[in-house]
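Chain identifiers are assigned alphabetically (A, B, ...) following the order of the sequence lines, protein sequences preceding nucleic acid strands; residue numbering begins at 1 within each chain. No hydrogens, no waters, no symmetry mates; every other heavy atom, side chains included, goes into these values.
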2 protein chains.
Amino acid sequence: MPLIEPVPDVRSLDLLHSVAELGSIRQAALRHTMSQPAASMRLRSLERALDLQLLDRSHGRAQLTSAGVAVVQWSEEVLEGMRSLLLGAQAVRSDGKTHLRVVASMTVAEYLVPGWLNRLRASDPAIIVSLQMGNTQHVIEVMLRGDAEIGFVEGRHAPSELGSRTVQSDNLVVVVAPSHRWARRRKPVSALELSTTPLVVREAGSGTREVLEGAMSSRGLTLTTSVELGSTTAIKAAVASGAGPGVVSRLAIETDVQDGRLVVVATEGLLLERSIRMVWSKKRPLSSTAKRLVRQIDDSSSSRRPVQP
Amino acid sequence: MPLIEPVPDVRSLDLLHSVAELGSIRQAALRHTMSQPAASMRLRSLERALDLQLLDRSHGRAQLTSAGVAVVQWSEEVLEGMRSLLLGAQAVRSDGKTHLRVVASMTVAEYLVPGWLNRLRASDPAIIVSLQMGNTQHVIEVMLRGDAEIGFVEGRHAPSELGSRTVQSDNLVVVVAPSHRWARRRKPVSALELSTTPLVVREAGSGTREVLEGAMSSRGLTLTTSVELGSTTAIKAAVASGAGPGVVSRLAIETDVQDGRLVVVATEGLLLERSIRMVWSKKRPLSSTAKRLVRQIDDSSSSRRPVQP
DNA sequence: TAGTGGCATAAGGAAACCTTATAGCTATGT
DNA sequence: ACATAGCTATAAGGTTTCCTTATGCCACTA
């Protein structure tokens, strides 16, 4: 889903911001070290792109219209984001001794690792972490190749060349759109009912899918699929737009449930648990930075407590 | 303070984002309806602008480097901001009846409104909503000027020209970094202890701050501040990196607590509640779209259910 | 009424960008 | 080893965008 054209130029937004602050196109042009006509033209083309009158030029100096004020506000988020991107790029460039390479499978990388890394960065902003993501197989390959110090996978695959340890548990849940009839249902969905309902799931070979099929086959049941998608995000989008029940990691849908996009349906008779394992190379000892990360993770899972104390 | 040149083009960031998702420059080019060489050149010039190697092209298909992953992450904020800007501009442009202008104070706008609007859009994709944010004062001004149909503020300010009604309640909580000693504490923090501890809080005049000071003064206590910051996000970042206890809205920290960046500390003896109020102009009746939003909100606060069914 | 600061338009040249055509490279399968 | 398929880079040519300088008009102010 690319942005809708025409996309305004960020520097034009920046310029508009200066106009709002300084009250004149001329001053803004000076601040941005460009000629006044250039600034004037930029702003005009911005107005053309947004199809909005942003400035009122009929009173000598340029005055923001109400639409202009609104756009300035919205552009603040964009500018803030751009600033941190530029700053971040600079940091990566001037880089790093305390460099930690992490590779994780999708769900962990998307929903768990960011929290860990934020804490790690908070404890020492000089630490630079690069995160690579892929499926379980990919994680193993990267680790064996020595292209990352530490990895995370879902499920219980434990190749012999690599050490591994469980760091957290996760479980799968059934979700539906708020408009789906199951959203208002009180009784849990039985294993049998679930196995005969077409579900939106990940493609065969993914960790999520394996757990689901394993749980069903242990009860002598088989999975019925409605759509098979390649990412958790795709599943969430499909389910939210009415594609029927889907199965995803609980970790992946917390905010969607809070925002009312998805509703969790209780199930019974199926063990949809799986562990999240850390893997490392037995050949090389963990780097000190990697050790810190491990300590952070252990701390956070033991000291975690509910929001309601 | 203009942006530091060179500023990368947002469409290039968008393109990079697609490359990350689709795994190939060619596919990304297709999605963005441009030729493959054009995409290739855009990405190359993005790399030149940032002075970073973002893609590894040595294996047939393009693979993100660690720097590439980092840039994609940062660019997400930029793209998100640009998307809401474009959406907002579209809303301001179209004067039709499917157009709803909402203005909300920071906490509500960031943590509550997105969920409501998503549900509203789901119920009727034709509805176009523009969201503006600011402090309580700003919300009132916009409403009085008639630049929005409906507004949301924290606290109980009720100017006479505007109607208002409580739609939800919120409360403030004390949070600390997981490394802080209070994180492991069992006993609730007393009002007295809290009032004598330097806290990280919002600046004077903010709704959050007013509630906190009000609650303390009703017990004959006064607030001791350690740092005063201008946004909830800033407070969270400061607290997470060890600046001592902070006070923020519960709404704002749910995911941070889940991710282990912050820990909630129980308190006793202070009533840190506040209501979130909807405000509208008494002069004009609510538009039909606004009424739908109100109904959505009422529904969602009554039918909301916990993640664990 | 003159002056000052500010914005718009015009013209010319430089730079950026896109498209089509083409060639080289990598992985996969026979 | 060979061939095919899919992907990316380079080249050439044309269009569009953007900037700068020069100049005129307009609105406030003294």
Participant: Atom CZ of B/Arg26 to atom C1' of D/dC7: distance rounded to whole Å?
Facilitator: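 In whole Å, D/dC7 C1' and B/Arg26 CZ are 7 Å from each other.
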
Participant: Please round to 10 degrees the angle between the axis of the first five pairs and the axis of the last five pairs in the helix from C/dT1-D/dA30 to C/dT30-D/dA1.
Facilitator: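 The end-segment axes of the helix from C/dT1-D/dA30 to C/dT30-D/dA1 are tilted 30° relative to each other.
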
Participant: Do A/Glu149 and A/Val102 come within less than 4.5 Å of each other through their side chains, counting heavy atoms only?
Facilitator: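 Contact flag for A/Glu149/A/Val102 side chains = no.
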
Participant: What is the distance, rounded to the nearest whole Å, between atom CD of A/Gln63 and atom P of D/dC28?
Facilitator: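 After rounding, the gap between these two atoms is 12 Å.
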
Participant: Mind calculating the distance between CG (B/Leu54) and C1' (D/dT8) to the nearest angstrom?
Facilitator: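 Atom CG in B/Leu54 sits about 16 Å away from atom C1' in D/dT8.
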
Participant: Give the rounded distance in Å between these two atoms: NE2 of A/His59 and P of D/dC25.
Facilitator: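 Whole-Å distance recorded here is 21 Å.
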
Participant: Nearest heavy atom decides the nucleotide; on that basis, is B/Gln27 or A/Arg11 closer to the 5' end of DNA chain D?
Facilitator: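 On the 5' side of the pair lies B/Gln27.
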
Participant: Look at A/Arg42 and D/dC19 and indicate whether a side-chain polar atom (N or O) is within less than 4.0 Å of OP1 or OP2.
Facilitator: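 So the side-chain polar atoms of A/Arg42 do come within 4.0 Å of the phosphate oxygens OP1 or OP2 of D/dC19, strictly under.
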
Participant: Rounded to whole Å, please give me the gap between CZ in A/Arg48 and P in D/dT16.
Facilitator: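 Value for this atom pair: 14 Å.
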
Participant: State, to 0.1 Å, how close B/Leu54 and B/Glu47 come at their nearest heavy-atom pair, and which atoms those are.
Facilitator: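 That would be N-OE2, 2.8 Å.
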
Participant: Any donor-acceptor pair under 3.5 Å linking the side-chain atoms of A/Asp170 with those of A/Ser249?
Facilitator: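 Distance-only check passes for A/Ser249 and A/Asp170.
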
Participant: Grab the CZ-C1' distance between A/Arg44 and C/dC7 for me, whole Å please.
Facilitator: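 Distance check: A/Arg44 CZ to C/dC7 C1' gives 9 Å.
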
Participant: Which heavy-atom pair separates A/Val19 from A/Ala28 by the least distance, and what is that distance?
Facilitator: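 Closest approach of A/Val19 to A/Ala28: CG2-CB, 3.5 Å.
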
Participant: Between D/dT8 atom C1' and B/Leu22 atom CG, what is the distance in whole Å?
Facilitator: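 To the nearest whole Å, that distance equals 16 Å.
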
Participant: Charged N to carboxylate O under 4.0 angstrom, A/Glu21 versus A/Arg31?
Facilitator: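 Yes.
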
Participant: When you check the phosphate oxygens OP1 and OP2 of D/dT8, does a side-chain N or O of B/Ser24 lie under 4.0 Å from one of them?
Facilitator: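 Yes, because at least one side-chain N or O of B/Ser24 sits under 4.0 Å from OP1 or OP2 of D/dT8.
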
Participant: Please tell me whether A/Ser105 and A/Glu154 have a donor and an acceptor in their side chains that are separated by less than 3.5 angstrom.
Facilitator: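 A/Ser105 vs A/Glu154: donor-acceptor pair found between side chains.
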
Participant: Give a yes/no on whether any side-chain N or O of A/Arg61 is located under 4.0 angstrom from OP1 or OP2 of C/dC7.
Facilitator: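 No, outside the criterion.
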
Participant: Could you walk me through whether A/Phe152 and A/Trp116 satisfy the ring pair (Phe, Tyr, Trp, His ring centres under 6.0 Å) test, starting with their C-alpha distance in whole Å, then the side-chain angles of each, then the deciding distance to 0.1 Å, before giving a yes or no?
Facilitator: CA-CA 12 Å; A/Phe152 296 93; A/Trp116 298 337; 4.9 Å; yes

Participant: Counting only side-chain N and O atoms of A/Arg57, is one of them less than 4.0 Å from OP1 or OP2 of C/dG6?
Facilitator: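 Result: no.
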
Participant: I want to confirm an ordering. Mapping B/Met41 and B/Gln36 to their closest nucleotides on DNA chain C, which one lands closer to the 5' end?
Facilitator: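 The residue whose closest nucleotide sits nearer the 5' end is B/Met41.
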
Participant: Between C/dG6, D/dA9, C/dA8, which nucleotide has the shortest distance from any of its atoms to the side chain of A/Pro37?
Facilitator: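 Among C/dG6, D/dA9, C/dA8, the one nearest the side chain of A/Pro37 is C/dA8.
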
Participant: Rounded to whole angstroms, how far apart are CG on B/Leu55 and C1' on D/dC7?
Facilitator: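 In whole Å, D/dC7 C1' and B/Leu55 CG are 13 Å from each other.
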
